[in-house]
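Keep in mind that what you see is a predicted model, and the values were worked out from it rather than measured. No hydrogens, no waters, no symmetry mates; every other heavy atom, side chains included, goes into these values.
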Protein chains: 2
Amino acid sequence: MVNKRRRGTELETAIYQATLEALEKEGFLKLNFGHVSELAGTSKSVLYRRWDTPFELAVAAIKYKIKTENSGQMDEIVWQGHSLKEDLEQLLNRFIVSIRTFDVYSTGGIMIESSQQQQDVLKKVLDEGIEVDIRAIEQILQRAQARGEIKYVNLKEEIKLLPFDWIRYQILIRGSLEQKDVQIIIEDVLLPTYLSALN
Amino acid sequence: MVNKRRRGTELETAIYQATLEALEKEGFLKLNFGHVSELAGTSKSVLYRRWDTPFELAVAAIKYKIKTENSGQMDEIVWQGHSLKEDLEQLLNRFIVSIRTFDVYSTGGIMIESSQQQQDVLKKVLDEGIEVDIRAIEQILQRAQARGEIKYVNLKEEIKLLPFDWIRYQILIRGSLEQKDVQIIIEDVLLPTYLSALN
DNA sequence: TCAAATAAGATAATTTTAGTTTCTTATTGT
DNA sequence: ACAATAAGAAACTAAAATTATCTTATTTGA
């Protein structure tokens, strides 16, 4: 390897891509600076200069990925359903796609520990997502109200988040989610819940 | 250190207890044979002979803990409620206690990866618990049927598992669960869902 | 009861990995 | 063109994981 040194943004995106590649192949636990620097075609010292731990690198890389690829996707949904049920189907299926993107970087997914600091960081990432989820549900409820399917739109936050929590659990922990499961949660749980609380 | 060598079951329970202690203090990621062998007052080679990886040791230790402490707890619930709602409160509060026992060994709790093999092992552990959960819900439903609160008791398995999945998610991933959240899931979600599906 | 088999425990040796430091030189900006 | 900055390579250090070897307590069963 000789001349042509990358730096700044160019170098960092290369590192991020290498990190994501490593995460996909080896997962979180095995992520280390040595391997990533090889993949990125740079050297360890470059990574040690920028991040203190592989964990921080991983978070930065995932943030980068979300920013460049998913940015605004959930925010700008064009609703196409003609009923509360159809809107929910559209929303949850879209959500499943985006959560699976995440899942790739935690091969399978199992709970393990992390430091308090690390938890705070990840909690923040999660919470940012939650706001988007809540807004989406609120939009759906208002559409349903306009149609006359429900009278009110005030729902407790925990209930608004229920389908997202449940889907995350199925994908990240259980490791599987079939189409029929989504139908079940919508028809047997969400619709009865909403109709009971909002009429 | 000299004479008096422990072996067999005696030695292994000592190792399991040392492992659980290490898990509580340091967590999953930092679990290693060297540290555990010190805590157990034995030597590394003894551990390397029995388990290939710290992960397998951890699983074995947690299994041991569940077997000796929690065994049959959930199975032998004496129901004390006088309504479907009260039965659900009893069940879920009990469940929360048992899941928190688990949580101690994953300080905080965050999803990270593990190998396919490891996942299979943990999936099996989870699945064993699921059977107990399902039986408990079925008992409750039959009591509700006997009281006349509901007509039928046939519920899809996904729905039966919903409250357990949801609670696990809150505790293991979100990292918190308040009493009011349990009330909300029971009153606003489960009861409407059951009454809608089973009448 | 005694000898052989088994497994515990101690220790040393080896390997691997993480992390640091040093140095050279390409690149940038003034 | 020259000084400042940061990339990249490599060697080095330290720590931890893993393996190997050996001694000896304990069990087994003839």
Are B:I137 and B:Y194 side-chain neighbours, meaning at least one heavy-atom pair lies under 4.5 Å? yes
Hey, does the side chain of B:T42 come within less than 4.0 Å of C:dG9's phosphate (OP1/OP2), counting only N and O? yes
Presence of salt bridge, A:R7 and A:E12, under 4.0 angstrom: no
Locate the shortest heavy-atom distance separating A:P192 from A:E187; write the atom from each residue and the value. CD-O, 3.2 Å
Rounded to whole Å, how long is the line connecting atom CG of A:N32 with atom P of C:dA18? 4 Å
In whole angstroms, how far is the C1' atom of C:dG9 from the CZ atom of B:F33? 16 Å
Nearest-angstrom distance from the residue atom CZ of A:R5 to C1' of D:dA7: 5 Å
Please check if the distance between the ring centroids of A:Y169 and B:Y169 is under 6.0 Å. no
Does anything in residues 43-52 of chain B come within less than 4.0 Å of DNA chain D? Heavy atoms only, and list the residues if so. B:K44, B:S45, B:Y48
Flag, side chain of A:N93 to backbone of A:E89, donor-acceptor distance under 3.5 Å: yes
Rounded to the nearest 0.5 Å, how far does CG of B:L141 lie from CD1 of B:I150? 4.5 Å
Can B:I184 be reached from B:L162 by stepping across I, L, V, M, F, W or Y side chains whose heavy atoms are under 4.5 Å apart? yes
Is there a residue in residues 7-14 of chain B whose heavy atoms reach under 4.0 Å of DNA chain C, and which residues are they? B:R7, B:L11
Please figure out whether B:R6 or B:G34 has its closest DNA chain D nucleotide nearer the 5' end. B:G34
CG (A:D133) and CZ (A:R168) are apart, to the nearest 0.5 Å, by 5.5 Å
